[in-house]
Trainee: 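Dropping the structure in here first, questions after.
What you see is a predicted model; the values in this text were computed from it and never measured.
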Amino acid sequence: LRGASSPDVNRGGTNPQQVGLGMDLSSIDTVFSVGVPDRTDRGLDVMVNGEGFFMVSGDGTDNGLFYTRAGNFDIDEDGNLVNADGLRVLGYKVNDDGEITNEIGGIVVPLADSIPPKATKNVVMEGNLDARALAPDAGATPPIPETVARQTEITVTDSLGTNHKISLAFTKTGENAWKFTPTAVNGGAVTFDPVSDIPIVFDSNGQFVSVDSNTDGILSFSVTGLGNGATEPLTFDVNLSSLTQYGSESNALMRSQNGTPVGVLTSYAISQKGEVEGVFSNGKTKILGQIATSIFANPAGLVKMGGNLYRSSANSGDPQVNKPGVGGNGGLQPGALEMSNVDLGKEFTNMIVTQRGFQANSRIISTTDQMLEELVNLKR
């Protein structure tokens, strides 16, 4: 309404007179603070617990690359890891040995994948043989017959992935002396080397001493005639050094064996490091790929593309791609999805405060009207 004037010798300066210039929109900013996790317990649901975006594209390359925080992934018909819109999720690929490489591309879960069988090489036994068991004595009156004090089974796997059960019979032969005899559960022309009556010796404290004169407790077996097309003998070591001979019930058994049958892919899941793990029917797991994430110097500079997708812009900075949890990239939280990061309680409170403020300001009109009415009445 009036500009400012500078002071002179006769009068001081005056300020400008002006009314408000109205309301204007300052900016529209996207807030990328981490939202509250919503636990789903679904193997292919994952959220970024910190800074970072998943990378997706239509063909699994960096052509037409999008960035997203939405981690509700799935597997398509070809085994591609995809988001809800069918865009392929990018990550680090694996080589033929199952090792993660630096090559980035679409992650593929081979639905027909399998793990070849592994023949048994080591069997470990543990448990106790009852020291109170009687040894045979043919010269006694009446004679004490030979009695099996403990009979158990071990399961071994041949080179073709077929499991075979072998029965082990433990018989006491004398003071602190035992023998054990292997037999094939399925019968047939199965032969063992050593054949049978393998001696086991304990000391007077019930501790293992030797098996077949081997103080290390390792006994090598060679089994032939198992069938199933396996032409090579099944050779494996049995470790008996953990056996004891105490005056309690016999419970010797197989603790472990390292053979595995063929495994087919049955399920998959994502780890905190973004590793896509395949779970196979033989209990083994294999890394199928690792999800990659990217961070930006200015994530608010990303361009919204709809459908929870973003593109980089001149003000977002270049993406810094890395593995989850490395180089400033947030780690992943499997089995959960990120909810909205908007605090609805706070927003509703602010809205009520604004409403009350507007109500209070609107009373100015009523008050001004009353004052003017009184002014008019003064003439009367």
Trainee: If the condition is side chain to side chain donor-acceptor pair (under 3.5 Å), which residues does Q151 pass it with, not counting sequence neighbours?
Mentor: S167
Trainee: Ignoring hydrogens and angles, write down the donor-acceptor pairs under 3.5 Å from the side chains of residues 10-24, residues two or more places apart or on other chains.
Mentor:
residue: T14; atom: OG1; partner: S5; partner atom: OG; Å: 2.4

Trainee: Testing the 3.5 Å rule here: is there a donor-acceptor pair between the side chains of S248 and N128?
Mentor: yes
Trainee: Going by an N to O cut-off under 4.0 Å, is there a salt bridge joining R88 and D78?
Mentor: no
Trainee: For F32, enumerate each residue passing the ring pair (Phe, Tyr, Trp, His ring centres under 6.0 Å) test, keeping only those at least two apart in sequence or located in another chain.
Mentor: F53, Y310
Trainee: Partners of D41 by salt bridge (Lys or Arg N to Asp or Glu O under 4.0 Å), sequence neighbours excluded?
Mentor: R39
Trainee: Please identify each residue that fulfils side chain to side chain donor-acceptor pair (under 3.5 Å) with Q207, with sequence neighbours left out.
Mentor: Y246
Trainee: Going by ring pair (Phe, Tyr, Trp, His ring centres under 6.0 Å), name the residues that satisfy it together with F66, two or more places apart in sequence or in a different chain.
Mentor: none
Trainee: List in chain and number order the residues that pass side chain to side chain donor-acceptor pair (under 3.5 Å) with T181, two or more places apart in sequence or in another chain; answer none if no residue qualifies.
Mentor: D197
Trainee: Kindly write out the residues that satisfy side chain to side chain donor-acceptor pair (under 3.5 Å) with N95, not counting sequence neighbours, or none if the list is empty.
Mentor: E99
Trainee: Looking just at side-chain N and O atoms, do T157 and N163 make a donor-acceptor pair shorter than 3.5 Å?
Mentor: yes
Trainee: Just by distance, do the side chain of D369 and the backbone of I365 share a donor-acceptor pair under 3.5 Å?
Mentor: no
Trainee: Please assess T68 against N308 for the test side-chain hydrogen bond (donor to acceptor under 3.5 Å, both in side chains), listing each intermediate value before the final yes or no.
Mentor: CA-CA 6 Å; T68 181; N308 293 320; 5.6 Å; no
Trainee: Can you name the side-chain contact (heavy atoms from CB on, under 4.5 Å) partners of D343, sequence neighbours left out?
Mentor: K346
Trainee: When Ile, Leu, Val, Met, Phe, Trp and Tyr are grouped by side-chain heavy atoms lying under 4.5 Å apart, directly or through other members, which residues fall in the same group as V124?
Mentor: none
Trainee: Side-chain atoms of residues 258-268: list all donor-acceptor pairs with protein atoms under 3.5 Å, sequence neighbours left out, distances to 0.1 Å.
Mentor:
residue: N258; atom: OD1; partner: K121; partner atom: N; Å: 2.8
residue: N258; atom: OD1; partner: N122; partner atom: N; Å: 3.0
residue: T266; atom: OG1; partner: V279; partner atom: O; Å: 2.9

Trainee: Does F280 have any ring pair (Phe, Tyr, Trp, His ring centres under 6.0 Å) partners at least two apart in sequence or in another chain, and if so, which?
Mentor: none
Trainee: Inspect the contact between E146 and K179 and indicate whether a charged nitrogen and a carboxylate oxygen are less than 4.0 angstrom apart.
Mentor: yes
Trainee: Could you check if a side-chain atom of I104 sits within less than 4.5 angstrom of a side-chain atom of T61, using non-hydrogen atoms only?
Mentor: no
